[in-house]
Amino acid sequence: MTELKARDFYVAFKKAAETLLVNKDEINALNVFPVPDGDTGSNMTSGMLEACEWLDRVKNKDKIKDVMKNMRDGLLMGARGNSGVILSQIFRGFTEVLENKESVTTKDFIEALKNAKEVAYHAVIKPVEGTMLTLIRKLAERAETELSNIDDFEEFMDKLYEISEEIVEETPKYLKKLRDANVVDAGAKGVSYIVKGFRDAIKGDTEVNLKDIESASAEEIKEIAYEEIKFQYCTECVLKLHDPEISKEGIDKIRAFLEEIGDSIVLVHQGDFLKTHVHTNRPGKVFEEFLEYGELYKVKVDNMKVQHEHVVESTIENTAKKEEENFESNNENWGIVTVSPGEGLTKIFKSLGVDAVIFGGQTMNPSVKDFMDAIEKLPQKKILILPNNPNIILTAEKVADMVEDREILVIKTKYIQEGVAALLAFDDNMSYDELKESIESEISGVVPIQVTYAIRDSEIAGEKIKKDEYLVFVGKELKAHGFDLNETVLKVLKDKIDDGYEIMTIFYGQDIELKTAELIANELMEEFPDLEVEIHNGGQPHYPLLISLE
């Protein structure tokens, strides 16, 4: 075979998606730090699967321009995290070279790889070697020098895959953190699997079964994507009120009733209607109660244990839990979109004026599509985005580049604590530059502290880490580790508070109880009587404590 047609790329891409999906968990396990945040495989797979859906929409699969365009656009819309966005840019460069051709030769393929490298490097402000960027760069370079005389695609792809695997094994040479963790780069390994999928399809392995693998994969990652279902029925109701001027006391009474029988509550009063969402084991009781206030206009009940689906006007759920989003507008000029990993943090963000909360964080980065869907449902022409995670910033910035009819301000909040601080500095009447300066000034005074745990033995910055030890990071820097949570955390906090910090906020996660956070706070307040402390239930997974000092 010396030429590839549109259908060859259609099948090869889907085979590549299948290959990546089969090996997703292996890629996730290649996280550099021994903390529960391995999501590179999931992020890359998200984009590939979205692109497969887009490819299936192509009416004429013999038209290479349409196949390339949907491959490119689907990858971007499904992109999650840095790895997903960079992968989308690799394919953007790759498809741009090929989309106007009737057929593709190996020499065209090499030119496409070279452009893929250029576009991907251009998309990253500070490219880091030893990553998927290195793989695509060296793959393009070696293909040009070593494979340019090969016309047969089967031989070409065999050698291209061999080269990709060699480059993957070289990634630790570029990055000390890979050498310390004794792993290769996860993103580079993922791209190599994509090359393998292309190779297998071109050599005749064209059977693809994404559905069954995807279902199995969802079950495998259920433990990190879903919390245990305490209330079985996702219950929604639109009530046409007898009295549209229902009092605040009346709304509070309804909310109190819902809190007694369930959780994950949304209650929105707009005009004649009251929109309600609640997770409960007694959906019938909800409807009986509401009949006292008006006429049931629309009702919906989903059994979450059977379906694992939770649809709320503006969210779609794939293989990771999506928090319900309330798109009720809180501000006149600026719409605020933020990312939250826990139910408690979501409530805090909404209380601070956020319009749309996207569920996400470590292990569950939201996609470009998630952000686009949120923005489209907001009425404001100016949008503030708070990613609250370093792995989500690139996705948010890509969204800002894509949206043409809104003014988008992305503040590069790397931590939840910075996102909360940003909202305290928010003023709806500020201009773009004023708001950017105000928020960045506010978050510069926050010290974010993350407490997580090791999922394997490893080494960080010369420190030997044992599985199940608690790890305390100040920003990106590991400051302490140990098996006793309180002792390990207090050691770091006492040192920092000694530097003159006066305000501490603690967000405790789903794995610990309030009393644990209170014990830490009480000991600190005894030693530092002027210290002001606030404690909130964040409900975040994987991080027992998120702490900010000001």
Side-chain angles (χ1 to χ4, degrees), residues 4 8-28 30 39-55 67-68 70-76 78-95 97-98 104 106 109-110 112-117 119-120 123 131-140 142-143 147 153-154 156-169 171 184-203 205-206 208-210 213-214 217:
L4 298 180
D8 296 319
F9 279 101
Y10 170 78
V11 174
F13 186 91
K14 299 195 83 170
K15 190 66 180 180
E18 180 189 65
T19 305
L20 186 66
L21 189 56
V22 167
N23 296 282
K24 173 176 62 64
D25 291 340
E26 175 195 342
I27 299 169
N28 283 340
L30 291 174
D39 54 6
T40 300
S42 299
N43 289 341
M44 296 176 72
T45 301
S46 169
M48 294 292 286
L49 293 177
E50 182 76 18
C52 286
E53 292 184 11
W54 282 59
L55 282 172
V67 169
M68 293 295 169
N70 279 37
M71 187 188 301
R72 177 172 65 239
D73 292 349
L75 263 166
L76 180 58
R80 298 178 187 271
N82 292 347
S83 56
V85 174
I86 294 172
L87 180 64
S88 75
Q89 296 310 288
I90 288 173
F91 270 95
R92 173 187 167 191
F94 183 83
T95 57
V97 170
L98 304 179
V104 175
T106 56
F109 204 100
I110 291 172
L113 289 174
K114 289 163 63 177
N115 196 54
K117 180 262 295 186
V119 173
T131 64
M132 61 200 301
L133 289 172
T134 301
L135 187 137
I136 194 62
R137 175 177 64 81
K138 291 183 71 68
L139 194 64
R142 290 186 61 181
L147 309 181
F153 258 108
E154 291 190 18
F156 177 85
M157 292 305 301
D158 264 336
K159 293 187 180 299
L160 193 70
Y161 175 56
E162 288 176 11
I163 292 171
S164 72
E165 283 291 274
E166 291 173 9
I167 298 169
V168 169
E169 294 303 316
T171 53
V184 297
D185 181 70
K189 186 67 174 176
V191 175
S192 182
Y193 274 128
I194 290 171
V195 175
K196 180 180 185 297
F198 265 76
R199 182 205 67 171
D200 292 348
I202 288 169
K203 293 186 70 174
D205 183 3
T206 57
V208 178
N209 186 352
L210 291 173
I213 299 172
E214 185 179 358
S217 176

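Throughout, residue positions are numbered sequentially from 1 according to the sequence presented.
Contact detail for Ala143 and Ile110: the closest heavy-atom pair is O-CD1, 3.5 Å. The two atoms that bring Gly197 and Lys15 nearest to each other are O-CG, 3.4 Å, heavy atoms only. For Ser164 against Leu135, the heavy-atom pair with the smallest separation is O-CD1, 3.7 Å. When all heavy atoms of Ala120 and Ile90 are compared, the pair lying nearest together is CB-CG1, 3.7 Å. Nearest heavy atom pair, residue Ala201 against residue Thr206, reads O-CG2, 3.6 Å.
For the atom pair CZ (Arg92) and CG (Leu87), the distance works out to 14.0 Å, reported to the nearest 0.5 Å. Atom CE in Met44 sits 9.5 Å away from atom CG in Leu75 (nearest 0.5 Å). Summarising the geometry, atom NZ belonging to Lys24 is positioned 9.5 Å from atom CG belonging to Leu49; distances are rounded to the nearest 0.5 Å. In this structure, CG in Leu55 is found 7.0 Å from NZ in Lys14, a value given to the nearest 0.5 Å. In this structure, Leu21 CG and Tyr193 OH are separated by 12.5 Å, a value rounded to the nearest 0.5 Å. One distance of note links CD1 of Ile194 with CZ of Arg199; it measures 14.5 Å at 0.5 Å rounding.
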Checklist entry - Could you go step by step and tell me if Ile167 and Arg137 meet the side-chain contact (heavy atoms from CB on, under 4.5 Å) rule? => result CA-CA 10 Å; Ile167 298 169; Arg137 175 177 64 81; over 6 Å; no

Checklist entry - Under the side-chain contact (heavy atoms from CB on, under 4.5 Å) criterion, do Met68 and Phe9 qualify, and how do the steps go? => result CA-CA 8 Å; Met68 293 295 169; Phe9 279 101; 3.6 Å; yes

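For Phe156, the ring pair (Phe, Tyr, Trp, His ring centres under 6.0 Å) test picks out Phe109, Phe153, with sequence neighbours left out.
In this structure, Met157 and Tyr161 have side chains that are not in contact, with every pair of non-hydrogen atoms separated by 4.5 Å or more. Here the side chains of Val195 and Leu139 are in contact, with some heavy-atom distance below 4.5 Å. Looking at Leu113 and Leu160, their side chains come closer than 4.5 Å, going by heavy atoms from C-beta outward. Side-chain contact between Ile86 and Leu133 is present, with at least one heavy-atom pair separated by less than 4.5 Å.
Of the candidates Phe94, Trp54, Phe91, Phe13 forms a ring pair (Phe, Tyr, Trp, His ring centres under 6.0 Å) with just one, namely Phe91.
Asn28 and Ser42 form a side-chain donor-acceptor contact under 3.5 Å, judged by distance and modelled atom types alone.
Counting only distance, with no hydrogens or angles, the side chain of Asn43 and the backbone of Gly84 share no donor-acceptor pair below 3.5 Å. Listed for the Thr171 side chain is a donor-acceptor partner under 3.5 Å among the backbone atoms of Asp185. In terms of modelled atom types and a separation under 3.5 Å, the side chain of Ser192 and the main chain of Ala188 share no donor-acceptor contact. Side chain of Ser83 to main chain of Gly187: no donor-acceptor pair is present (N/O by atom type, distance under 3.5 Å, no hydrogens or angles).
Ion pairing between a basic and an acidic side chain is recognised when a charged N comes within 4.0 Å of a carboxylate O; Arg142 and Glu166 show such pairing. Taking the charged nitrogens against the carboxylate oxygens, Lys196 and Asp200 do have a contact shorter than 4.0 Å, which makes a salt bridge.
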